[in-house]
Amino acid sequence: MTYNIAVLAGDGTGKEVTDEAVKILKAAGEKYSVAFDFAPALIGGCAYDEYKTPLPETTVELAKKSDAILLGAVGDWKYDTLPPDVRPEKALLGIRKALNLFANLRPASVYPELTHLSPLKEEIVSGTDIMIIRELTGDVYFGTPKGIEIKNNEKFGFNNMCYYESEISRIAHIAFKTAMQRNKKLCSVDKANVLDVSRLWRETVSNIAKEYPQVELTHMYVDNAAMQIIKNPKQFDVILTGNIFGDILSDEASVLAGSLGLLPSASLSDNGPALYEPIHGSAPDLKGKNIVNPIAAILSTAMMLKYSFKRDDIYNCIVNAVRKTLKDGYRTKDIEQSGMRTISTSNMGDIIKDNILSSQ
Ligand code: IPM
Ligand code: MG
C-alpha cells in the first residue's frame with residue numbers, strides 16, 4: 001500500500017517548508033514501513049506565471065486523485081497588482097471549494113518550552129490547548145449575491161453571509177466528535193444577538209448537541225470570544241465557528257503560541273482527500289535564506305497521519321520528535337532564544353528526522 005501525496009509547495013518559502021515536511025514523512029514512512037509517493041504541482045503565483053491562473057485544472061485533478069495534499073503557502077507582493085480573480089489567494093479558496101474541504105482544524109497549543117514567546121503573560125498562556133474548528137466553504141466568503149454596483153448614484157459593495165442548515169450540521173458533527181476525543185467541551189461562536197444566519201447557526205448546533213450528551217456545549221458571541229481568547233485561553237477546549245469568524249479568531253489564537261511558524265492545520269472533506277498546511281503565509285522576503293521555521297509544515301504532516309491515515313502512533317512520534325528537538329534547545333530564527341542554538345530550516349528538519357528515526 002502506497003499513499004499518494006500531492007505536494008503543492010506554492011510561493012515564497014512554501015518550497016523550503018514542504019521540503020522539510022516531505023523529509024519527515026519519508027523518515028516516518030521508513031520507521032513504520034509506510035510507503036509514500038510524492039507528486040508536485042503548481043499553485044498560487046508560480047502557477048499564474050506558468051498558466052495564467054493560480055489554480056490550474058491539472059493541479060485540482062492531481063489533488064483530487066491523491067490520498068492527501070500537502071500545501072506550503074501562496075502569495076508574493078509581486079502579484080498584488082493582479083486582478084482579484086487571479087490573485088494567489090484565490091487558489092486557496094478555489095481548492096477548498098473544489099475538494100469540498102469544509103472542516104478546517106486549527107490547533108493553537110502552547111509548548112511548555114516556548115511559553116515565553118507569547119506577548120501575553122506566561123501564566124495566562126501556559127497550558128493552553130485549543131482546537132479551533134472553522135467552517136471553510138460557506139459564509140460570507142462564498143455567499144451570493146456579491147459585488148460592487150452603482151446604487152443611489154454611488155458605488156455600493158455587498159456580500160452575503162449565509163449558511164444552509166446542512167452546512168452547519170456537518171461541521172457541528174465534526175466539532176462534537178473532536179470534543180469527544182478531547183476534554184468534551186465545545187464552545188460555539190456566533191453573533192446571534194444581531195445576525196439571522198447566526199441564529200440558525202446556534203439553533204442547529206444546539207439541536208445536534210442532543211446527540212452528544214457527554215459534551216458540554218456553550219455559546220459565545222464572537223466579540224466576547226475575541227476577548228476571552230486573550231484574557232483566559234485555558235477556558236477553551238474546542239471552538240466551533242463559521243468561516244469569517246474562524247479566520248479572525250484563529251489568527252488571534254496563533255498569538256498564544258508565540259510564533260506562526262509553529263502552527264499546523266488540516267482541512268477535511270467527507271468525500272475525498274484532505275489538505276494539510278502550515279497556517280503561516282509565504283514570507284517572500286525570507287525566501288531562499290534557509291531560516292524559516294519548518295515546524296508548522298512538519299506538524300501538518302503529523303495531522304495528515306492522524307486524520308487521513310488514522311495513524312495516531314506516527315502522529316505521536318512526529319509530535320514527540322518536535323518536542324524533543326525544542327527541549328534539546330534547538331530553535332529557528334523566529335523563536336530564537338539566548339542560551340539556545342539557532343539553526344537553519346534544513347537543520348531543523350534533519351534533527352527532527354533523527355529524533356523520529358531514533359525514537360523507541
Ligand atoms: C487563511 C487565509 C485565507 C482566508 C486567505 C489567504 C484567503 O487568511 O487561510 O486563514 O481568509 O481563509
Ligand atoms: Mg486567515
Side-chain angles (χ1 to χ4, degrees), residues 8-14 17-18 21 42-48 53-55 59-60 63 69-108 130-143 146 159-163 167 171 189 222 225-226 229-230 239-257 259-269 274-285 296-297 299-300 303-304 307:
L8 317 183
D11 304 315
T13 54
V17 297
T18 48
L42 297 178
I43 193 166
C46 57
Y48 177 82
T53 165
L55 184 61
T59 297
V60 175
I69 301 133
L70 174 67
L71 192 138
V74 299
D76 194 320
W77 300 301
K78 70 177 190 204
Y79 306 108
D80 279 356
T81 50
L82 288 177
D85 261 12
V86 288
R87 292 250 181 98
E89 298 77 15
K90 206 68 190 171
L92 282 184
L93 301 180
I95 198 162
R96 289 171 186 171
K97 203 68 176 171
L99 276 77
N100 192 28
L101 304 171
F102 67 89
N104 186 213
L105 274 51
R106 296 190 171 188
I130 307 175
M131 177 64 89
I132 298 186
I133 301 195
R134 166 188 177 194
E135 200 291 328
L136 204 57
T137 51
D139 204 346
V140 68
Y141 270 69
F142 294 96
K146 62 177 186 127
N159 288 85
N160 185 12
M161 189 181 234
C162 52
Y163 269 118
E167 291 175 307
I171 188 80
V189 172
V222 62
I229 284 174
I230 296 297
I239 293 178
L240 163 66
T241 191
N243 205 346
I244 186 86
F245 297 155
D247 178 45
I248 299 164
L249 294 181
S250 62
D251 261 30
E252 188 194 10
S254 74
V255 173
L256 303 169
S259 172
L260 278 177
L262 297 166
L263 299 174
S265 76
S267 302
L268 316 177
S269 143
L275 180 148
Y276 300 86
E277 61 176 319
I279 75 159
H280 61 70
S282 56
D285 51 325
L299 291 174
S300 299
M303 290 188 88
M304 178 189 292
Y307 292 100

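Atoms within each ligand, like the ligands themselves, are counted from 1 in listed order.
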**Q** For L42, is there any backbone N or O sitting under 3.5 Å from a side-chain donor or acceptor partner on T59?
**A** yes

**Q** Can you pull out the closest protein heavy atom to atom 8 (O) of ligand 1? Residue, atom name and distance to 0.1 Å, please.
**A** D247 OD1, 3.2 Å

**Q** Measuring from non-hydrogen atoms of R96 to any atom of ligand 1, is the shortest distance under 4.0 Å?
**A** yes

**Q** Tell me which part of R106 gets within contact of ligand 1: side chain, backbone, both or neither, using heavy atoms under 4.0 Å.
**A**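 R106 to ligand 1: side-chain contact only, backbone stays beyond 4.0 Å.
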
**Q** What are the atoms of ligand 1, with element, lying closer than 4.0 Å to any heavy atom of R134?
**A** 1 (C), 4 (C), 9 (O), 10 (O), 11 (O), 12 (O)

**Q** Report yes or no: does N104 contribute a side-chain atom to a donor-acceptor pair with the main-chain N or O of A266 at less than 3.5 Å?
**A**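 Such a contact is found between N104 side chain and A266 backbone.
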
**Q** Is the positively charged end of R134 above the ring of Y141, judged by distance under 6.0 angstrom from the centroid and angle within 45° of the axis?
**A** yes

**Q** What are the two closest heavy atoms between L101 and S267, and how far apart are they?
**A**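 Minimum heavy-atom separation between L101 and S267: CD2-O, 3.4 Å.
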
**Q** Among the N, O or S atoms of D247, which one sits nearest to the Mg ion (ligand 2)?
**A**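 The nearest such atom is OD1.
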
**Q** Distance to 0.1 Å, residue and atom name: give those for the protein heavy atom nearest to atom 4 (C) of ligand 1.
**A** Y141 OH, 3.4 Å

**Q** Return yes when R87 approaches ligand 1 closer than 4.0 angstrom through a heavy atom, no otherwise.
**A** no

**Q** Quick one: does S265's side chain have a donor or acceptor within less than 3.5 Å of a partner on R106's backbone?
**A** no

**Q** Measure across F142 and L93 and return the closest heavy-atom pair with its distance rounded to 0.1 Å.
**A** CZ-O, 3.8 Å

**Q** Looking only at protein heavy atoms, which one is nearest to atom 5 (C) of ligand 1, and what is the separation?
**A**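 Result: L92 CD1, 4.6 Å.
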
